[in-house]
2 protein chains.
Amino acid sequence: MGDRASAIAKLAEVFRERGYEGASLALMSRATGLGKGSLYNYFPGGKDEMADAVIDQISGWFEEEVFTSLRSDLVPADAIMLMIERVDTYFRSGRRTCLVGNFALGDSRDRFSQVNAYFEVWKEALAQTLVRAGRSKVDADAAAEDAIAGIQGALVAARALNDPELFGRVLRRIERRLMDQCLAIHARI
Amino acid sequence: MGDRASAIAKLAEVFRERGYEGASLALMSRATGLGKGSLYNYFPGGKDEMADAVIDQISGWFEEEVFTSLRSDLVPADAIMLMIERVDTYFRSGRRTCLVGNFALGDSRDRFSQVNAYFEVWKEALAQTLVRAGRSKVDADAAAEDAIAGIQGALVAARALNDPELFGRVLRRIERRLMDQCLAIHARI
DNA sequence: GTCTATACAGCGATAGAC
DNA sequence: GTCTATCGCTGTATAGAC
């Protein structure tokens with residue numbers, strides 16, 4: 001059912017721009033071109049199930065396009081460059097925000113367990129890549145935390161400052177720091 | 001009117017935890033112990049004026065406790081250490097989120113011009129401190145962006161991962177990088 | 001200034017015709 | 001499967017008694 005998938009993608013943009021509470025069925029009906037009745041046919045569980053489906057689709061995209069590459073047998077540095085590139089594409093170079101991050105800040109976090117999982121899986125996949133590059137687990141975890149926090153914060157700041165290009169600038173520096181982690185053999189500052 | 005100020009502080013926690021849309025008058029009435037009628041007596045403009053007052057109070061706190069120190073004649077490194085300490089205190093070591101960042105992610109950003117100002121002023125004050133420490137404007141801007149994005153992202157990640165201590169860890173590494181910027185005289189990698 | 005009562009619009013959700 | 005009509009409820013906001 002490609003139809004359902006495309007409906008979910010449209011719902012995602014509504015949730016992304018308005019947050020969980022701000023995303024009304026009226027808006028979602030307009031965005032998808034489906035009446036409320038049809039929405040409830042696709043998602044019998046109502047708004048909650050819609051949000052669930054949206055987060056799952058997003059998680060699935062990151063799993064396929066980002067996390068899988070990190071876990072592949074690519075050279076760590078290449079895997080990370082690919083991650084950065086895909087992230088930049090996904091967030092439209094700072095013109096899109098992170099729905100999962102948005103949910104995380106509110107009380108929606110507690111309703112949707114996938115919020116925690118999304119960050120957990122990402123952090124672990126990135127840290128493992130850095131371990132493959134020769135870092136200790138402790139250093140790798142630290143660098144992964146910094147990178148993921150940096151990306152999320154860059155999305156917040158870019159939107160707050162109305163400066164999408166800030167995202168690209170910060171992202172490039174995050175990439176550089178991760179590459180340094182790949183090159184430096186030893187250290188432990 | 002200290003009464004109004006303490007009401008605003010309580011309203012702030014509701015907005016912080018539920019976002020603009022999720023913060024209902026019923027919740028705010030309970031949080032403040034004031035009836036709806038009284039809330040409208042304090043804030044004739046309704047919910048919008050409440051949110052306005054909340055953001056202003058937060059901006060005021062940061063102005064007094066953080067930005068002013070950055071602009072003072074303190075040694076840059078000391079000013080930055082003070083900033084980090086106050087930020088850690090304010091966000092209760094990762095157990096509190098940033099209301100302004102939360103608003104920035106949603107459509108509330110466009111309703112409240114102070115969201116933009118909050119980040120703008122912070123970034124500029126921090127960058128100026130780094131310039132005082134001998135950095136070029138370009139390098140200072142970059143480091144300030146990284147630091148502010150890092151802080152915001154750390155709040156998102158800490159909450160998403162249910163790991164408040166992540167905030168302290170990331171914050172310490174941000175501090176270290178800022179201190180490095182103070183020490184290095186030249187560079188331009 | 002505080003409260004309770006209430007107006008009325010919009011919410012999520014459901015029913016039922018087609 | 002799609003729509004429209006409608007339910008019951010909660011939302012913001014206001015009126016008016018005290």
Side-chain angles (χ1 to χ4, degrees), chain A residues 1-57 99 102-103 105-112 114-115, chain B residues 1-57 99 102-103 105-112 114-115:
Chain A
M1 248 197 218
D3 222 17
R4 196 183 132 102
S6 89
I8 294 174
K10 285 167 189 158
L11 293 178
E13 296 315 310
V14 181
F15 280 116
R16 195 192 304 281
E17 284 159 24
R18 323 279 299 215
Y20 181 79
E21 320 265 2
S24 72
L25 290 185
L27 281 170
M28 299 199 273
S29 175
R30 223 177 321 138
T32 55
L34 295 168
K36 293 186 194 181
S38 300
L39 282 175
Y40 273 86
N41 178 54
Y42 281 90
F43 310 98
K47 195 174 170 179
D48 261 49
E49 191 178 333
M50 297 179 210
D52 252 319
V54 162
I55 307 179
D56 284 344
Q57 194 186 67
L99 182 149
N102 189 333
F103 275 30
L105 280 182
D107 56 325
S108 316
R109 174 199 61 167
D110 308 307
R111 208 194 310 257
F112 302 102
Q114 308 107 305
V115 170
Chain B
M1 248 197 218
D3 222 16
R4 196 183 132 104
S6 88
I8 294 174
K10 285 166 189 158
L11 293 179
E13 296 315 310
V14 182
F15 280 116
R16 195 192 304 281
E17 284 158 24
R18 323 278 301 214
Y20 181 79
E21 318 266 3
S24 72
L25 291 185
L27 280 170
M28 299 198 274
S29 176
R30 223 180 316 142
T32 55
L34 294 168
K36 294 184 194 181
S38 299
L39 283 175
Y40 273 85
N41 178 53
Y42 281 89
F43 310 97
K47 195 175 171 178
D48 261 50
E49 191 178 334
M50 298 180 208
D52 252 319
V54 162
I55 307 179
D56 284 343
Q57 194 186 67
L99 182 149
N102 188 333
F103 275 30
L105 281 182
D107 56 326
S108 315
R109 175 199 60 166
D110 307 307
R111 206 194 312 257
F112 302 103
Q114 309 105 306
V115 169

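Letters A, B, ... mirror the listed sequences (proteins, then strands); counts begin at 1. These values consider heavy atoms only, across backbone and side chains, with no hydrogens, waters or symmetry-generated copies. Here the structure is a predicted model, which means the values were calculated and not measured.
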Smallest heavy-atom separation, T32(B) atom then L11(B) atom, equals CG2-CD2, 3.7 Å
Whole-Å distance, K47(A) NZ to dG12(C) P, equals 4 Å
Atom CE of M50(B) and atom C1' of dA13(D) are separated, to the nearest Å, by 9 Å
Here the residues of residues 21-28 of chain B within 4.0 Å heavy-atom distance, strictly under, of DNA chain D are A23(B), S24(B), L25(B)
Rounded to whole Å, CG of L39(A) lies from C1' of dT4(D) at a distance of 14 Å
* Short side-chain to backbone donor-acceptor contact, E21(B) and R18(A), under 3.5 Å -> no
Separation of dC3(C) atom P from Y42(B) atom OH, nearest Å, is 9 Å
Here the distance between atom P of dT2(D) and atom OH of Y40(A), to the nearest Å, is 16 Å
Heavy-atom closest pair (G35(B) atom, S29(B) atom, distance to 0.1 Å) is CA-OG, 3.8 Å
Whole-Å distance, D3(B) CG to dT2(C) C1', equals 12 Å
Whether F103(B) and F112(B) hold their rings parallel, tilted or perpendicular, with breakpoints at 30° and 60°: tilted
The residue among L99(A), D107(A), D48(A) that forms side-chain contact (heavy atoms from CB on, under 4.5 Å) with Y20(A) is D48(A)
If we ignore hydrogens and angles and just use 3.5 Å, is the side chain of R4(A) paired with the main-chain N or O of Y42(A) as donor and acceptor? yes
Q.
Less than 4.5 Å apart, side chain to side chain, heavy atoms only: is that true for L34(B) and M28(B)?
A. no
Exercise for the section: Assess K47(B) against F15(B): is NZ or CZ under 6.0 Å from the centre of the six-membered ring, and within 45 degrees of the ring's axis? Expected result: no
Sorted by number, residues from residues 30-38 of chain A placing a heavy atom under 4.0 Å from DNA chain D are G33(A), L34(A), G35(A), G37(A), S38(A)
